[in-house]
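Accompanying notes for the structure given below.
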Amino acid sequence: MTKSSFPKTYSSKKQLKKREEAVEFVCMIDLKILRENTEAVRRGIEKKKFQCDLEGFLALDQKRRLHITRTEEARAKQKSANNDMAALPKGSPEFLKKVEEMKSLAAQVKELEIEEKAIEEKWKALYLSIPNVPHESVPVGKTDKDNQVVLTWGDCSKISPCAVPHYDIPWFGKLIDFPRGVKVTGAGFPFYIGDMARLVRALLNFFLEEAKKAGYEEFMAPIVVNAASATATGQLPDKEGMMYYANEDQLYLIPTAEVPVTNFYRDEIFEESELPVYRCGYTPCFRREAGSWGKDVRGLNRLHQFDKVELVKWVHPDHSFEELEKLRLDAERLLQKLELPYRVLAICTGDIGFPHSKQYDLEVWAGGQKRWLEVSSCSNFTDFQARRAGIRFRPKNGKVETVHTLNGSGLAIPRVLAAILENNIQSDGKVKIPSILKKWIDTEFIGA
RNA sequence: GGAGAGAUGGCUGAGUGGUCUAAAGCGCCUUCCUGCUAAGAAGGUGGACUUGUAAAAGGGUCUCGAGGGUUCAAAUCCCUCUCUCUCCGCCA
């Protein structure tokens, strides 16, 4: 697109249209359950922090269904009249009479269709605003303070007494160069240099290898996606501001591999025998983090670009909560093998995301900063995301059903790196590299 | 980037305005037959929404790349977009 002969507004209009289109196929919570089990859904949603108008939606849903019936009846009439007419000799008096009859039928149908479209639009908007219902095992709470510590692994008190925040390590700037990142790109885009770059690569290899052992097939995925994909996984339309956007081509830089990997199976139907499907992928992740910049985000704690391995599962609805536990263990094992103390949080109803039914966060202990850093978030979306993305399966006997999707980081690199730097620092100022990484990095210590 | 061709069901592929309610073949499923296999016979064969029901069966509407238009009526005609293929150009 070197010759931009079209006016600037053109691309933004097109872009807007595209976004609207992308929202078209969207559907979210199970309508049947919502209609038949309204109370349970209401109770579940009330525990979440999201507002939605259930009553309004159900009233409109009723109206929509009535209207659909009316429109369909009109169309059926039109159709049968058309078939009658097809049997008549063209141009005969009967034929011409029928044409007149059909004119009025067509006008009726058209009118009903316009009305239906308007209702459908409102209906969809409300439908979209209904969040997923939290699982009964999710702790009830209002804010992140109410999240429950499920378990703590490792001994934080045994961390080296000389631990300092990683950004205060004297040689830190030599191996991770922020100022030059600023020069080349901007804040939050550091260069990793020499042994540090190798350490990042070693971690990636370790994560991918472990994922493979756990049964996840590796994807190397696109790192830019179109609006339809970003909508299917829920980044659009709400969290638009989190993503970098290539305006010229209407493509989004992915905030996580979840987006391309989950969309791999968008609008597809699995055979029941294929489930569960496990996939993983390493990608750089891009997050604008607009407005979230401030204290507590120094060094590697929060970046605009970072590396992450993501684990994704498509499973039978009957097993998704067991699969979540397994997924969490797959992520936990990584921290254990790296010998990094961590804890697992069960995210409470008030802090859980819009599409989540249940969510665990894994937080690694950063001994220098003396804080927990989130390195993984493992979630069961039940059928919520899959319905939106049109990912289903065909039971051996019976009708097509929506699969359940889950994903979890396994893991996000920079904060793991921060924990290694802070927890493994020796009295001589060097950092000991976890022995499990020996296979991919031959040095035992880095720094100084 | 330029020029041309094209997009029909799980696949191949017919269909240029009205019984298209999409042919035919392949595949798949069920049943039958043949002592295995192969071959053969009959029937069935997607998805969405909606109706119906305890659940089903059954009924209706939509669905021929996407969106819009023309028409009483569109897979079929017109416009826009997306994608695929071929050729040319450029290029890791």
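Quantities reported herein were computed from a predicted structural model and do not represent experimental measurements.
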Q.
Taking side chain to side chain contact (heavy atoms under 4.5 Å, CB included) as the criterion, tell me which of K47(A), K358(A), H356(A) meets it with V138(A).
A. K358(A)
Q. Heavy atom of residues 65-75 of chain A under 4.0 Å from RNA chain B: which residues?
A. R65(A), I68(A), T69(A), E72(A), R75(A)
Q: Kindly say whether the aromatic ring centers of H304(A) and F286(A) come within a distance under 6.0 Å.
A: no
Q: Using atom CZ of R266(A) as one end and atom P of A48(B) as the other, report the distance to the nearest whole Å.
A: 17 Å
Q | C62(B) phosphate, OP1 or OP2, under 4.0 Å from K79(A) side-chain N/O | A | yes
Q) Can you check the E113(A) CD to G68(B) C1' distance for me, whole Å? A) 14 Å
Q: Could you tell me which nucleotide pairs with G67(B) by Watson-Crick or G-U wobble geometry, both distances under 3.5 Å, or answer none if nothing does?
A: C79(B)
Identify all pairs in which a protein N or O lies below 3.5 Å from an N or O of nucleotides 44-47 of chain B, and state each distance.
from	atom 1	to	atom 2	distance (Å)
G46(B)	O3'	R394(A)	NH1	3.4
G47(B)	OP1	R394(A)	NH1	3.0
G47(B)	O3'	R392(A)	NH1	2.9

Q. Are any side-chain N or O atoms of S409(A) and backbone N or O atoms of S377(A), one a donor and one an acceptor, separated by less than 3.5 Å?
A. yes
Q. Counting only N and O atoms by type, is there a donor-acceptor contact under 3.5 Å from the side chain of T349(A) to the main-chain atoms of G141(A)?
A. yes
Please tabulate, one pair per line, all N/O donor-acceptor pairs under 3.5 Å involving side-chain atoms of residues 176-194 of chain A, not counting sequence neighbours.
from	atom 1	to	atom 2	distance (Å)
D177(A)	OD1	R180(A)	N	3.0
D177(A)	OD2	R180(A)	NH1	2.7

Q. Can you say whether the rings of F172(A) and H166(A) are parallel (under 30°), tilted (30 to 60°) or perpendicular (over 60°)?
A. perpendicular
**Q.** Residue list, side chain to side chain contact (heavy atoms under 4.5 Å, CB included) with T71(A), at least two apart or on another chain
**A.** H67(A), R75(A), L112(A), E113(A), E116(A)
Q. In whole Å, what is the span from the CD atom of E36(A) to the P atom of G52(B)?
A. 12 Å
Q. Hey, is the main chain of H319(A) close enough, under 3.5 Å, to the side chain of E322(A) for a donor-acceptor pair?
A. no
Q | Results of salt bridge (Lys or Arg N to Asp or Glu O under 4.0 Å) for E268(A) - residues two or more places apart only | A | none
(Q) Please report the distance, rounded to the nearest Å, between CD in E268(A) and C1' in G10(B). (A) 12 Å
Q: Under 4.0 Å between any heavy atoms, over every strand shown, what does E101(A) touch: base, sugar-phosphate, or nothing? Just pick one.
A: nothing
Q: Could you tell me how the ring of F50(A) sits relative to the ring of F354(A): parallel (under 30°), tilted (30 to 60°) or perpendicular (over 60°)?
A: perpendicular
**Q.** Gap between atoms CD and P, on E271(A) and G10(B) respectively (whole Å)
**A.** 12 Å
Q.
Tell me the interatomic distance from K117(A), atom NZ, to U61(B), atom P, rounded to whole angstroms.
A. 21 Å
Q: May I ask you to check whether F207(A) and Y282(A) place their ring centres under 6.0 Å from each other?
A: no
(Q) Rounded to whole Å, how long is the line connecting atom CG of D84(A) with atom P of U21(B)? (A) 14 Å
Q: Return the value, rounded to whole Å, for the distance between atom CG of D249(A) and atom C1' of C81(B).
A: 15 Å
Q. Pick the nucleotide of RNA chain B nearest each of K77(A) and R35(A); which residue has the one closer to the 5' end?
A. R35(A)
Set out, line by line, the N/O atom pairs under 3.5 Å between protein and nucleotides 16-20 of chain B.
from	atom 1	to	atom 2	distance (Å)
G18(B)	N7	K90(A)	NZ	3.0
G18(B)	N2	N82(A)	OD1	2.6
G18(B)	N3	N82(A)	OD1	3.1

